[in-house]
Each structure stands twice: as structure tokens, then as C-alpha cells.
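Quick notes on the structure that follows.
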Amino acid sequence: MITRRDLFKVAGVGAVALAAAPGLVGQSFGAKKISIDDSLKEHLGVGLSGLKESNLITIKAPTIAESGANVPVQVSANIPIEQVESLHIFADKNPNPWLISVDLSPMNGEVFLATRIKLAKTSPVRAVVKMKDGTLLAAAKEVKVTIGGCG
Amino acid sequence: MHLTRRDFLELAIVTGAYLSANPVSALANMKYEDIMRFKPVGNVTLLFTTDTHAHLDPLYFAEPMNLVAPKKLAGTPGYITGWDFLRYYKISPGTLEAYFTSCVDFPKLAHKFGKMGGAAHITTIIKHVIAERGRDKVLVMDGGDTWTTTAIGTFTEGKSVVDWMNYTKYDLFVAHWDFTFGKEIFLKRIDDLKKGGCEFISHNIVDELWGELVFKPYSIREVGGVKLGVIGSSFPYTPIANPKQFVEGWSFGIREEQLQQFVNELREKHKVDAVILLSHNGLPLDTKLAKVVKGIDVIISGHTHDVTPQAVRVGKTLIVIAGSHGKFVGRLDLDIRHGRIRNYNFKLYPVATNLVPADRGAQKIVDRWKAEVTKTHKLNEEIGTAEVMLYKRDTFFSTWDWLVGEAINDYYGGDLDLVLSPGYRWGTTVLPGQKITRDHVYDYTAITYPNVYVLKRTGKDIVARMEDVADNVFNPDPFYQQGGDMTRLWNVEYEIEVYGPQYKRIKNVWIGGKPLKENKEYLMAVYGGPPPPPDAVHPDYKSVPVYDILIDYIKKKGNIKVRTKPNVKVLDAPYKTYEECFGT
């Protein structure tokens with residue numbers, strides 16, 4: 001559960017994230033689709049094959065989104081902050097998969113980011129932690145965007 | 001007696017049962033005492049009902065012929081039905097237990113054993129157990145889908161059911177369809193419940209903006225000299241499966257990490273002797289949840305309407321679910337000492353209306369509300385006769401839904417290319433030869449957003465929608481399922497590979513006998529889902545409640561005969577037909 005204080009803490013980080021993500025606003029879903037591989041290459045220098053699957057990273061997100069336009073996502077990692085350079089979130093199936101990049105420093109205390117993302121459709125939500133030694137640790141969780149209406 | 005007199009007399013004469021004081025009892029070779037027989041165990045009794053869907057009156061309700069499963073879940077509880085169910089649980093065909101738990105020979109057995117459920121009959125069982133065990137040893141719980149989807153529930157805004165719950169002295173409650181009265185009425189009703197001593201608990205409803213809990217997540221109860229921590233979980237996908245506006249500002253979800261925290265909190269901080277989850281998650285989802293979350297002793301499940309004659313064991317967790325429509329009262333006795341469950345005994349009492357007498361006080365409540373609603377809605381009016389069995393539950397197809405399609409198309413002048421009917425698992429069953437009443441129609445359709453909408457949709461959109469629902473039904477991971485059945489499509493034939501990859505399951509589709517064209521626009525009627533945006537609704541076709549359309553159509557036709565042959569071909573999994581289960 002996120003407490004109010006956590007949320008404010010995150011809001012601070014979020015501001016950094018938004019500043020680091022120019023072009024997010026105004027990015028229309030009608031634009032040309034960028035593949036996850038190309039997007040990773042653009043922002044991290046390597047594609048999917050360059051990511052190392054890690055169970056140290058935890059993604060908290062709904063399995064089925066209540067609204068694709070506003071999906072709460074929380075990423076944390078059980079990795080000493082001193083070893084971490086930055087944290088990135090992607091959604092494979094979005095027209096532009098890149099969502100957020102945040103530079104982290106020991107001042108952040110821990111690897112933790114809670115934010116809200118937009119999903120065009122059902123997609124893996126991918127969190128990538130870039131280590132100071134250049135290693136890219138990653139985890140993914142599928143979030144389903146559905147029309148709903150049964151049950 | 002709830003048999004038609006003629007059927008009953010014939011049967012009674014044939015079997016000699018007319019000599020007996022209670023003929024149904026003689027036919028069933030069972031008495032009330034036999035139904036209530038149970039070997040008490042330990043110091044704690046959990047009594048529970050779920051998904052009664054506001055059926056205060058007894059009814060017929062057939063279990064499904066099919067529960068088509070994702071490949072890796074096939075054959076597990078939640079996906080066993082019909083003959084397989086009887087074999088799995090070693091139940092003899094033709095018995096009262098078989099009648100309650102499977103579809104096998106349902107119409108025939110319905111004539112033999114009569115109706116099922118009824119709130120006043122449930123009360124009798126609950127009171128009986130409380131009298132036997134002592135109030136201090138018993139916790140009475142309901143798993144939700146309790147206040148709406150019948151005339152008596154919906155048109156009294158759930159008040160009739162809450163009155164009965166308070167009379168019966170329920171202790172704890174979680175919800176799903178109950179939210180569809182909207183927040184204001186919902187909150188009023190849980191306040192009414194509270195006055196009667198029943199608490200609504202849910203750990204998985206939070207303020208959308210701040211993430212703070214909206215309700216009490218759990219309740220700690222002293223039962224039988226031990227401390228029980230009961231956590232509530234309301235339906236995780238309420239704002240998705242039902243219109244979001246009813247719960248605007250609340251966010252739901254499975255929230256398994258949060259659940260783990262509450263389990264730990266109950267154990268470490270409150271030192272409870274056992275942790276119980278009262279859930280409306282659905283049996284498959286709860287079965288996975290028991291693997292993911294550590295430290296839950298018992299899950300009282302709901303939502304998917306499954307019947308578990310024996311508890312499902314996942315690690316150290318026991319999972320049970322008491323069917324639907326008031327057909328069962330579940331009883332789980334636990335011997336809990338020093339924070340450990342040492343022994344248990346479990347039973348689903350079949351609420352056989354003719355064998356379990358009605359509680360007089362509860363019956364009075366039901367009768368009073370029934371009379372009230374009958375005044376405005378003429379519930380007993382006979383509007384037609386069923387020539388085939390009308391039922392709703394199945395993975396893909398039902399006679400009731402086909403009738404709905406015909407009726408809606410007829411109402412809109414025969415202009416429609418297709419009709420989409422929601423894959424709810426609730427409704428009723430009308431036996432072949434039985435009179436159809438208005439009440440039956442409401443049993444299938446009385447929701448708080450009953451309107452039918454006519455829209456234009458391209459073939460491509462229609463397939464996308466089918467794929468979307470198919471994944472909510474056949475996703476191999478229960479955390480991604482919504483626990484309903486496939487949308488029913490009238491005037492459409494299609495083939496499906498249920499084991500197929502996500503969004504690639506639907507194979508061939510024909511509309512009105514012709515192959516579906518991706519770019520062609522089709523005129524489609526929908527109801528029972530989140531309402532379409534107003535500008536999408538075709539202006540030439542007025543939106544009206546689906547029950548009004550049906551009542552008029554059934555009256556006009558008189559004798560109702562619809563196809564029993566499914567319009568869906570399952571290419572990669574077994575799919576049984578009407579005759580295989582219900583008999584010819």
C-alpha cells in the first residue's frame with residue numbers, strides 16, 4: 001500500500017522523470033510505431049537481448065488495468081542504491097514504448113519509483129535498472145487493457 | 001410443494017411415494033435430518049453462502065454442461081462439470097447430490113426433487129447449525145453478489161436482501177454486483193447491515209488518487225475461544241466488468257502484496273490463531289492466490305459459482321466455495337488450537353427446498369417484499385411456455401441467450417446483423433413445459449443498467465471484441481481472467497481455439513451465414529456491459545431495457561422454442577452438447 005507520504009516522495013521523483021521525458025506530451029498514439037527493441041537501443045544503447053532478467057526488481061501494477069489511460073505502476077529493486085545509475089520504464093506495445101527515465105543517486109535512498117503510465121493496449125511493462133558498471137537488469141509484468149464487460 | 005402438481009402426481013404414483021407424508025423426501029430417500037447430518041469437529045464453525053444473486057425465492061438452477069478451460073487448468077476444480085464432476089467427486093447419478101452439483105439429467109431430476117434454494121430455507125440451515133454449535137462458535141459469512149440481479153433484489157435496491165441478511169444474522173460480507181446500485185446506495189446498505197451486526201470488509205478497495213483504504217480490510221473475531229483474522233476481498237475487476245461510474249474514485253485489483261502485508265499483520269501484531277480470506281475473487285484466481293500469498297489458512301471463495309464437495313488444498317491453505325443461487329450453505333468446522341488447524345470437516349448442505357423447511361420469520365420478510373415488488377412488476381404473470389429448457393450457464397452458448405438475440409432483433413424490426421449478450425454466470429432455469437413468468441425474465445436480466453444499445457461496428461472491431469473477452473475467459477493465468485463466460489453472439493457462427501495465443505483464438509466467423517468481412521459495417525445490439533459512449537449509439541434505434549423487450553416478445557410468441565445446437569465450434573478442446581448432459 002502507498003501511504004500519502006510515499007506518494008509525495010514519489011511525486012518529487014516523478015517531477016524529475018517528466019523533465020527527463022520531453023516529447024511524452026504530444027506523442028500521439030497515431031504516430032509511427034517504434035518497436036521495443038529500437039526504443040531500448042535508442043535510450044539504453046542495446047536491444048532486448050542486452051537486458052539481463054533479474055528477480056531483484058519488483059513491478060507492482062494491476063494485471064488488468066482499470067483504465068489504459070492511467071495505470072499505476074510501482075517499481076522497486078532490492079539493489080544497493082550506490083550501485084545504481086538510472087531506472088527506466090517501457091511498455092512494449094505502446095506506439096512509443098519509452099515512458100520514463102530517472103537518474104538515481106544515493107540521495108534517493110533506495111531504488112523506488114511510483115508513477116502512472118498510459119497503455120495503448122495489453123503490453124508487458126518493462127522496468128530496466130542501469131547499474132554503474134553498465135549492466136542492464138530488467139523485469140517485466142504484463143498489464144492487460146480490456147474492453148471488459150463480463151462476470 | 002414446488003413441483004407442478006401434475007408432474008408430481010405422476011411421479012409419485014409411479015414410485016409409490018404418494019404413500020409417504022413428504023413425497024419428495026421419499027423420492028430422494030432422504031429427510032431433513034439426512035441433509036443436516038454432519039460430524040462436528042473442533043471449536044470453530046464457518047458457515048457461508050455466496051452468489052445467491054438475490055434469489056430470495058426458490059428456483060431451478062442447472063450447473064453448466066461446459067467449463068471449457070485453458071489447457072493447463074483443464075480438469076482442476078473450477079473446470080470440472082457434468083459427468084466428469086460426478087466421477088471426480090464419486091457422486092452417484094440420479095441422487096439429490098447429483099441433481100444439485102451437475103447438469104446430468106437435470107430436467108428429469110428437477111421433476112423428482114423440485115426447487116432449490118430460497119432465503120427462508122437457508123435461514124433454517126444457519127439457525128440449525130447455530131443452535132447445535134452455540135453462537136459463540138459460529139461465524140456466518142456471505143461472499144457477495146447478493147443484493148441484485150432479480151426483481152426482488154434490484155427493484156428494492158437491495159433492501160429486501162439486507163433485511164433477510166440481518167434477520168439471519170450474518171457477520172461478514174464482501175461484494176461485487178452489489179456495487180452496481182452505485183456508491184450512495186451501496187454505502188447506505190452496508191450501513192443497514194452494520195446496524196444488524198454485519199460488517200463489510202475489503203482490503204482491495206482503495207482511493208484511486210491516494211491509495212488509501214476505503215473500508216476496513218479485515219475483522220478480528222473471537223470464535224470458539226480462539227482469535228480469527230478474516231480479511232475481505234471484493235471482486236478485483238468490478239470497475240472493468242461493470243460500469244465504472246458505480247464505483248467512481250475507487251480502485252480495486254487483486255493487490256496480492258498488500259494482502260500478504262495484512263496476513264503478516266494479523267499474525268505478528270494481532271497474534272491471531274488463523275487467517276481466513278472471505279473472497280469474491282473466483283476459484284481459479286484464489287487457487288493461484290494461495291500459492292502466491294503465504295499464511296492464509298482458509299479461503300472462502302466466491303464469484304465463479306463453483307461447487308466444491310471437498311475442500312481444495314493448496315499447500316497449507318484450504319479453499320472452499322458454496323456454488324450459487326442459494327443452492328448451498330457451506331460449513332467448515334475447524335479444530336484450531338495454539339495457532340494451528342489440527343483437523344477439519346467440510347460439507348455443502350444442499351438447500352433442497354422441499355426437504356428443508358422454511359424459517360417462518362424469514363419467509364415473512366421474503367413474502368412481504370415479494371408482494372411489494374409484485375404490485376409494480378406483476379412477477380407471477382405467465383407470459384409463455386418453454387418448449388425447450390431455458391438456461392444461461394455454459395462457456396459459449398445458451399438457449400436463453402439465443403432467445404434474447406431473437407427478441408432484440410425482432411424489437412428493432414429485424415434490422416440487426418448480430419446481438420451480443422453478456423457471459424454472466426447467473427440467471428435461472430426454466431424447465432421444458434414450464435410456464436415462463438415475468439419473474440423468470442427478471443431473474444435473467446434485472447440489473448441496474450438494463451438498456452440495449454444499437455451500434456455500427458466493423459467486422460474487425462467485432463473480432464477484436466471477441467478476442468478481448470476470450471482472453472478474459474481463457475487466459476492460462478487466473479490473475480488475468482475475469483471469471484465469466486464468453487460473450488454470446490446471436491446470428492453469428494464461429495470457430496475458436498481456446499488454447500491459442502492471446503488475441504489469436506478466433507478462427508472463422510460467419511454473420512448471418514456469410515463470412516465476416518473485416519471492413520464491412522454491421523448493425524449490432526449490446527447490453528449488460530459498460531455503456532458505449534453516447535455518440536457511438538445509432539440514433540435511429542431507441543435504447544430500452546432488455547427485460548421489457550423480452551417480456552413483450554415472449555408474450556407475442558407464446559410457445560418458446562429455440563435452437564439447442566451451439567453456434568460455436570471449439571477446435572482444440574472438448575465441448576459438450578445439450579443432449580449429452582441434459583438428456584433428450
Side-chain angles (χ1 to χ4, degrees), chain A residues 1-11 13-14 29 55-78 91-93 110 112-125 127 139-151, chain B residues 145 176-177 203 206 208-213 217 235-244 247 250-258 261-262 282 285 303-304 420 422-426 464-465 468-469 471-473 475 477-487 502-503 526-530:
Chain A
M1 198 187 120
I2 314 165
T3 62
R4 212 175 270 262
R5 212 189 44 208
D6 284 342
L7 207 97
F8 280 121
K9 192 165 78 185
V10 169
V13 179
F29 280 154
N55 56 15
L56 298 173
I57 303 169
T58 307
I59 302 172
K60 252 168 94 169
T63 46
I64 307 178
E66 289 177 2
S67 159
N70 183 4
V71 184
V73 174
Q74 191 177 304
V75 179
S76 57
N78 192 13
D92 293 18
K93 298 288 170 69
E110 58 183 324
F112 178 88
L113 173 67
T115 185
R116 294 184 181 241
I117 63 170
K118 207 186 241 186
L119 290 179
K121 55 178 163 180
T122 299
S123 170
V125 171
K141 177 174 181 177
E142 184 181 87
V143 176
K144 197 152 91 168
V145 179
T146 173
I147 310 162
C150 70
Chain B
D145 277 6
H176 167 204
W177 274 90
H203 86 91
V206 302
E208 203 170 42
L209 204 58
W210 297 104
E212 284 169 349
L213 288 168
F235 181 50
Y237 301 122
T238 301
I240 301 163
N242 307 88
K244 196 176 161 62
V247 289
W250 293 347
S251 178
F252 290 63
I254 304 168
R255 298 183 184 268
E256 63 275 23
E257 297 94 347
Q258 186 169 294
Q261 283 174 23
F262 286 130
L285 201 160
H303 180 56
T304 39
L420 267 59
Y424 306 151
R425 289 186 167 187
W426 50 264
R465 200 181 167 113
D468 186 75
V469 182
D471 195 62
N472 288 333
V473 181
N475 194 302
D477 182 345
F479 276 19
Y480 290 88
Q481 297 173 0
Q482 285 184 26
D485 286 311
M486 186 68 186
T487 299
Q502 189 181 39
Y503 306 140
V526 295
Y527 71 97

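To find a chain, count down the sequence lines: A is the first, B the second, and so on, and within it residues start at 1.
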Ignoring hydrogens and angles, state whether a donor on the side chain of A:Thr146 or B:Tyr237 is under 3.5 Å from an acceptor on the partner side chain. no
Flag if over 12 foreign heavy atoms under 6.0 Å of NZ, A:Lys93: no
Which heavy atom of B:Asp468 sits nearest a heavy atom of A:Val145, and at what distance? OD1-O, 3.8 Å
Does atom CG (A:Asn78) have a neighbourhood of more than 12 heavy atoms from anything else shown, all under 6.0 Å? no
Stepwise side chain to side chain contact (heavy atoms under 4.5 Å, CB included) check, A:Thr122 with B:Tyr503: CA-CA 10 Å; A:Thr122 299; B:Tyr503 306 140; 2.6 Å; yes
Take atom NZ in A:Lys141; do more than 12 heavy atoms of anything else shown fall under 6.0 Å from it? yes
Test your reading of the model: is there a side-chain donor-acceptor pair from B:Tyr480 to the backbone of A:Glu142, 3.5 Å cut-off? yes
N/O donor-acceptor pair under 3.5 Å between B:Glu257 side chain and A:Lys60 backbone: no
Looking at every non-hydrogen atom in both residues, tell me the closest pair between A:Arg116 and B:Glu208 and how far apart they are. NH2-O, 2.8 Å
Give me the one residue out of B:Ile254, B:Leu285, B:Asn475 that meets side chain to side chain contact (heavy atoms under 4.5 Å, CB included) with A:Thr63. B:Ile254
Minimal heavy-atom distance between A:Lys144 and B:Asp471, with the atoms involved, is NZ-OD2, 2.8 Å
Between B:Ser251, B:Pro243, B:Gly253, B:Pro236, which shows the greatest number of heavy-atom pairs under 4.5 Å with chain A? B:Ser251
